[in-house]
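These numbers come from a predicted model, not from an experiment.
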Amino acid sequence: MFNRADFVSDYDWKRFLKFSENLETPNIVINLHQIKQNFIKLQDSFPFAYIYYAIKSNPGDPVLKLLAELGSNFDVASIYELDKILSFNVHPDKLSYGNTIKKAKDIKYFYDKGVRMFATDSKDDLKNIAKYAPGSRIYVRMLVENSQTADWPLSRKFGCHPDMAYDLLVQAKNLGLTPYGVSFHVGSQQRDIGAWDDAIAKAKYLFSSLEEEEGIRLSMINMGGGFPAHYIQPTNELKDYASEITRYLHDDFGDELPMIILEPGRSLVGDCGILTSEIILISRKNNTALQRWVYQDAGKFNGLIETMDEAMKYPIVSEKDEDNAKEGEVIIAGPTCDSADIMYEDFKYKLPLTLKAGDKLYWLSTGAYTSSYASVEFNGFPPLKTYFME
């Protein structure tokens, strides 16, 4: 159904098959070399920006170690992520507490560890930061209301209206904090580059109005993530995102840009993982059913949660793929006793008719939000095993 070479080069595919041939399924193999190449490409595409890797997308120790060695900064969402990244001797000045939902004691924990940059989007959280992280730099996350063009929208839970962001930045100054900037996130796997245009314009409004009316001069825009990995649905290339977003910034801010922060996750690691599953059972629901049900040992609860509502459509190839192999439509489901554990039913995947129990499926572009989303032991199944290939 898919041309594997469009997603994984012949060289990397051969390396992967050799590396993974004796690994028990389900497992995921992360290509560290590809992550390095993606990081360098992102740096080259946005030479004026600071990269803060979103740890949550893939918190594997070898991934964090590699990115730390490459000089990355990090977006941290919890005290657990903080402890992990500090263990790689990353200086706290290179960290941002980007979660707007946080306990007061966790704010203090970050502050005591040396972190001085905090995100917020509410009055009570801002007061907690002023109390437990005095003098810190604050950036306020704005709502982005037109993010439905993203495959994984983030518009409802996080952020506040620009008018409220204005008030919070004024309040931050009055509380002895440093009103540092604003942030936004246009949605994960955002395929409409124009979504950044509106968000940057709102940031410009806040920069101008706060300086003119309150004497507050902001210094930074955190543009979040949103850059895509390569799944089934087509996207523009990173260079197209970079050229358009750079133009939007200069249109609004002229030649003197504020500090720009990017928080990539999916775009750095998504293309760098291959999840291998084993087919447990193939069945039909009646004697004349055209579609087969393909049950495999990986599902929504051990790595494939982003197939919820069939949001992320991963390229899937089998070990029986041949140029002229006859294929038929399938419904793909996981191994657990939960009726929600169906990955694809509406979107019509096709797999070879010769597939049988024991055969392997390879889920490409699964480096992001797979192992980190896996449950601990739903139905007793262990977390997804993750391996790292140099």
Side chain [X], main chain [Y], donor-acceptor under 3.5 Å:
| X | Y | value |
| --- | --- | --- |
| E214 | V170 | no |
| S371 | T386 | no |
| T178 | Y180 | no |
| R141 | A119 | no |
| S267 | P264 | no |
| R4 | L364 | no |
| T366 | G273 | yes |
| T246 | S243 | no |
| D309 | A311 | no |
| N99 | A77 | yes |

Nearest 0.5 angstrom please: S318 OG to E327 CD, how far?
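Interatomic distance, S318 OG to E327 CD, rounded to 0.5 Å: 8.0 Å.
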Can you tell me how far the NZ atom of K285 sits from the CZ atom of R292, to the nearest 0.5 Å?
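Result: 14.5 Å between the selected atoms.
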Could you walk me through whether K14 and D10 pass the salt bridge (Lys or Arg N to Asp or Glu O under 4.0 Å) test, one step at a time?
CA-CA 6 Å; K14 290 175 183 176; D10 289 341; over 6 Å; no
I want to know whether Y314 and Y231 have ring centres closer than 6.0 Å.
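Yes, they do, as the ring centres are separated by less than 6.0 Å.
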Only one of L67, L95, L64, L82 clears side-chain contact (heavy atoms from CB on, under 4.5 Å) with I55; which?
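Exactly one pass, corresponding to L64.
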Do other residues, nucleotides or ligands put more than 12 heavy atoms under 6.0 Å from the [atom1] atom of [X]?
| X | atom1 | value |
| --- | --- | --- |
| H33 | NE2 | no |
| D255 | CG | no |
| E390 | CD | no |
| K360 | NZ | yes |

Please name the pair of heavy atoms, one in [X] and one in [Y], separated by the smallest distance, quoted to 0.1 Å.
| X | Y | result |
| --- | --- | --- |
| A229 | D271 | CB-OD1, 3.3 Å |
| A165 | C160 | N-SG, 3.7 Å |
| P26 | A298 | CB-CB, 3.8 Å |
| M117 | M220 | SD-CE, 4.2 Å |
| S365 | H230 | OG-O, 2.6 Å |
| V115 | P92 | N-CB, 3.8 Å |

Linking directly or through intermediates, with side-chain heavy atoms under 4.5 Å: list the remaining ILVMFWY members grouped with L281, chain and number order.
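In the cluster with L281 are I280, W293, Y295, I331, I342.
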Result block: side-chain N/O donor-acceptor pairs under 3.5 angstrom for residues 126-136, not counting sequence neighbours:
| unit_1 | atom_1 | unit_2 | atom_2 | d |
| --- | --- | --- | --- | --- |
| S136 | OG | A133 | O | 2.8 |

Could you walk me through whether D106 and Y80 satisfy the side chain to side chain donor-acceptor pair (under 3.5 Å) test, starting with their C-alpha distance in whole Å, then the side-chain angles of each, then the deciding distance to 0.1 Å, before giving a yes or no?
CA-CA 10 Å; D106 291 349; Y80 312 103; over 6 Å; no
Given F39, F227, Y241, the one that forms ring pair (Phe, Tyr, Trp, His ring centres under 6.0 Å) with F46
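With F46 as partner, F39, F227, Y241 yield a single ring pair (Phe, Tyr, Trp, His ring centres under 6.0 Å), made by F227.
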After noting the C-alpha distance and the side-chain angles of L32 and I35, does the key distance pass the side chain to side chain contact (heavy atoms under 4.5 Å, CB included) rule?
CA-CA 5 Å; L32 294 173; I35 293 177; 4.3 Å; yes
Given side chains that start at C-beta, do those of [X] and [Y] come closer than 4.5 Å, heavy atoms only?
| X | Y | answer |
| --- | --- | --- |
| L23 | V29 | yes |
| F118 | R137 | no |
| D163 | Y205 | yes |
| Q296 | W363 | yes |
| V76 | S78 | no |
| I245 | I200 | yes |
| I101 | F158 | yes |

Using salt bridge (Lys or Arg N to Asp or Glu O under 4.0 Å), reason through D44 and K41 one step at a time and then give a plain yes or no.
CA-CA 5 Å; D44 291 344; K41 184 177 180 180; over 6 Å; no
Just checking, any donor-acceptor pair under 3.5 angstrom between side chains of T336 and N379?
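N379 and T336 do not have a side-chain donor-acceptor pair below 3.5 Å.
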For the residue pair W13 and F16, categorise the inter-ring angle as parallel (less than 30°), tilted (30 to 60°) or perpendicular (more than 60°).
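Tilted.
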Electrostatic pair D198-K202, nearest N-O below 4.0 angstrom
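Salt bridge present between D198 and K202.
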Between R247 and E244, does at least one N-O distance fall below 4.0 Å, as a salt bridge requires?
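Yes.
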For the hydrophobic clusters of this structure (ILVMFWY residues joined by side-chain heavy atoms under 4.5 Å, transitively), does one cluster hold both M223 and L218?
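Yes.
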Single hit among N27, T25, N302, T276 for side chain to side chain donor-acceptor pair (under 3.5 Å) with D297
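It is T25; the other options fail the test.
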Not counting sequence neighbours, which residues clear ring-ring contact (aromatic ring centres under 6.0 Å, His included) with F301? List them please.
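F301: ring-ring contact (aromatic ring centres under 6.0 Å, His included) contacts with F378.
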Could you please spell out the steps behind the side chain to side chain donor-acceptor pair (under 3.5 Å) verdict for E263 and N222?
CA-CA 8 Å; E263 290 180 351; N222 182 332; 2.6 Å; yes
